[in-house]
Visitor: 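Handing you this structure, nothing more for now.
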Protein chains: 2
Amino acid sequence: MITFISYIQQYVSISDEIKKEISDLILIENISKGDILLEEGKICKRIYFIEKGTLRTYFYQKGKDITYWIYPDNSMVTSWHSYLSCKPSSEYIQATEDSIVCSLTYTQWQELYTKYPILERFGRLILEEVIALIDDFYKGYYFMSSKEKYELLVSVFPDITQRANLGHIASMIGISQETLSRIRSN
Amino acid sequence: MITFISYIQQYVSISDEIKKEISDLILIENISKGDILLEEGKICKRIYFIEKGTLRTYFYQKGKDITYWIYPDNSMVTSWHSYLSCKPSSEYIQATEDSIVCSLTYTQWQELYTKYPILERFGRLILEEVIALIDDFYKGYYFMSSKEKYELLVSVFPDITQRANLGHIASMIGISQETLSRIRSN
DNA sequence: TCAACTCTTTGATCTAAGTCAAAAAATATA
DNA sequence: TATATTTTTTGACTTAGATCAAAGAGTTGA
């Protein structure tokens, strides 16, 4: 299990003073499978680091539960639009396994960025990584068959099948669960 | 027309020293409609700010020209995955109108970030904006009809129809140009 | 260990949107 | 102004994948 402090150190090297300050501010939560960290309509004030477990973001569209993305341990999760704009979220964040998550608020981060420019660099690097991943993943996505989309997902996220159920995976790549079931049994 | 310096100042306030340094480093190019700024297979070393005109990113998939996104003036463009990882790009960047673009290289930005933390903040803010936009735009995209996708695009990019042709717009939202033509004439 | 759920598979049918092809309109070129 | 080239529209046909429905597996908990 990687702690949030050591995760930061994979990107930038930070002083003991910074480590202490982050440790003092950080909120560590043990949550159970099914627990909701963020509800639709609420402002997402926090960005979460998953030390253990899995989270998913999802929303309701035309009455259906649609998984937006699934996040394994050792990754950061928030409702980006809500977190960055301080507007109500249109999505939920839920634990899909018993999990341990660490978080800081948007406000705390702004203060840390100003006080320690090295953390601003960490922030930039994390965002760069997210964008590079999105940019790469979705290239040509529209014109792939359902099978190609599924194979792409499995290639970037090999243990997805152990961590999420059929319905979640299907909606995450934009296909019906019946189609995904047929792809698997091909 | 907004210059790149004044664009930066919309996000952070910068000293005359920084302005001078950026002005000295910046490459300003006048390019014609159809000109290619980046080719597939080349490493994208620059990030472009469009002072005037329009650029599009595109790639070939199964022999077809697919527009990834279209960028109007006053926005920043790069092939994110290639630029950030220094790996060959899988896409092209092309001017779709006569344009004026300013750019700095990845290496120049790294030096500027280290020398002036305020620019690192600018970098972070730009990336946050990109992510918030992507996050908001694509929510529920998979389960929209072609008409809904087109209406969403027009709502965030009202003058798209004046700046790009039918085929570019259709592939940008993942539909065939015949379908888009039918939507318009509904 | 047997109900009561929940999740996954399978089959039959339907439909939105893709493909192919050709005409029409718009734009550029000479 | 006629001609070539590109872009858009329209029509006929096809198809991948959605939807609906029901059966089968797998889990959970009293």
Side-chain angles (χ1 to χ4, degrees), chain A residues 32-36 53-54 56 58-68 70 92 94-98 138 140-154 159-186, chain B residues 32-36 53-54 56 58-68 70 92 94-98 138 140-154 159-186:
Chain A
S32 305
K33 180 175 178 177
D35 283 0
I36 305 279
T54 315
R56 74 169 179 128
Y58 70 102
F59 55 94
Y60 289 96
Q61 184 177 40
K62 298 166 187 171
K64 280 189 185 165
D65 171 329
I66 311 289
T67 297
Y68 200 21
I70 289 166
Y92 295 78
Q94 181 189 43
T96 56
E97 293 176 351
D98 292 347
Y138 289 106
Y141 205 75
Y142 290 150
F143 300 99
M144 288 178 190
S145 66
S146 293
K147 187 157 181 280
E148 287 169 323
K149 287 174 187 170
Y150 179 62
E151 284 164 354
L152 176 64
L153 178 68
V154 171
D159 62 347
I160 183 74
T161 47
Q162 281 84 263
R163 309 195 84 146
N165 69 33
L166 191 86
H168 291 169
I169 295 170
S171 64
M172 184 178 176
I173 56 174
I175 67 179
S176 72
Q177 67 173 353
E178 293 91 335
T179 296
L180 181 53
S181 175
R182 281 183 249 260
I183 287 167
R184 283 189 175 169
S185 69
N186 75 330
Chain B
S32 306
K33 181 176 176 173
D35 283 0
I36 305 279
T54 316
R56 73 167 179 129
Y58 69 101
F59 56 94
Y60 289 95
Q61 184 177 39
K62 298 166 187 174
K64 280 188 185 167
D65 171 329
I66 310 288
T67 297
Y68 200 20
I70 290 166
Y92 295 78
Q94 181 189 42
T96 55
E97 294 174 350
D98 292 347
Y138 289 106
Y141 205 76
Y142 290 151
F143 300 98
M144 287 178 190
S145 67
S146 294
K147 186 157 181 280
E148 287 170 322
K149 288 175 187 170
Y150 179 62
E151 284 164 355
L152 176 65
L153 178 67
V154 170
D159 61 346
I160 183 76
T161 47
Q162 282 86 263
R163 308 195 85 144
N165 68 33
L166 191 87
H168 291 170
I169 295 170
S171 65
M172 184 178 176
I173 56 174
I175 68 178
S176 72
Q177 66 173 353
E178 292 91 336
T179 296
L180 181 53
S181 176
R182 281 183 250 259
I183 287 168
R184 282 188 174 170
S185 70
N186 75 332

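Every chain is numbered from 1, with letters handed out A, B, ... down the list of sequences.
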Visitor: Let me know the distance between CG of B/Asp65 and P of D/dT6, rounded to the nearest Å.
Guide: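 These atoms are roughly 14 Å apart.
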Visitor: Kindly give the atom pairs (protein nitrogen or oxygen, nucleotide nitrogen or oxygen) under 3.5 Å for nucleotides 8-15 of chain C.
Guide:
| from | atom 1 | to | atom 2 | distance (Å) |
| --- | --- | --- | --- | --- |
| C/dT8 | OP1 | A/Leu166 | N | 3.3 |
| C/dT8 | OP2 | A/Leu166 | N | 3.0 |
| C/dT9 | OP2 | A/Ser181 | OG | 2.9 |
| C/dT9 | O5' | A/Ser181 | OG | 3.1 |
| C/dT10 | OP2 | A/Ser185 | OG | 3.4 |
| C/dG11 | N7 | A/Arg182 | NH1 | 2.9 |
| C/dG11 | O6 | A/Arg182 | NH2 | 3.4 |

Visitor: Is it true that A/Glu151 and A/Lys147 have a side-chain N and a carboxylate O under 4.0 angstrom from each other?
Guide: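 Salt bridge between A/Glu151 and A/Lys147, a charged N being under 4.0 Å from a carboxylate O: yes.
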Visitor: Do B/Tyr150 and B/Arg184 have side-chain heavy atoms sitting under 4.5 Å apart?
Guide: yes
Visitor: C/dA16 P sits how many Å from B/Met144 CE, rounded?
Guide: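 Distance check: B/Met144 CE to C/dA16 P gives 18 Å.
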Visitor: Please report the distance, rounded to the nearest Å, between CD1 in B/Ile175 and C1' in D/dT8.
Guide: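 It is 14 Å, rounded to the nearest whole Å.
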Visitor: Ignoring hydrogens and geometry, is there a side-chain-to-backbone donor-acceptor pair from B/Gln94 to B/Gly34 under 3.5 Å?
Guide: yes
Visitor: What's the CZ-P distance between A/Phe143 and D/dG17, to the nearest Å?
Guide: 13 Å
Visitor: At under 4.0 Å between heavy atoms, what does B/Lys64 touch on the DNA or RNA strands: base, sugar-phosphate, or nothing?
Guide: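 Sugar-phosphate: the residue B/Lys64, judged by heavy atoms under 4.0 Å, touches backbone atoms but no base.
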Visitor: Quick one: closest heavy-atom pair of B/Gln61 and A/Phe143, and the distance?
Guide: OE1-CB, 3.2 Å
Visitor: Is any side-chain heavy atom of A/Ile173 less than 4.5 Å from a side-chain heavy atom of A/Met144?
Guide: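 In short, these two side chains do not touch, never coming nearer than 4.5 Å.
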Visitor: Listing time: all N or O pairs from protein to nucleotides 22-30 of chain C that are below 3.5 Å?
Guide:
none

Visitor: Take the protein atom NZ of B/Lys62 and the nucleotide atom C1' of C/dG18, then report the distance between them rounded to whole Å.
Guide: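 Value for this atom pair: 12 Å.
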Visitor: So, do A/Ile66 and A/Tyr60 sit near enough that their side-chain heavy atoms are less than 4.5 Å apart?
Guide: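 Contact flag for A/Ile66/A/Tyr60 side chains = no.
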Visitor: Whether the side chain of A/Thr67 engages the backbone of A/Ser171 through a donor-acceptor N/O pair (distance < 3.5 Å, no angle test) should be reported.
Guide: no
Visitor: Ring centroids only, cut at 6.0 angstrom: are A/Tyr138 and B/Tyr68 within range, meaning strictly under it?
Guide: no
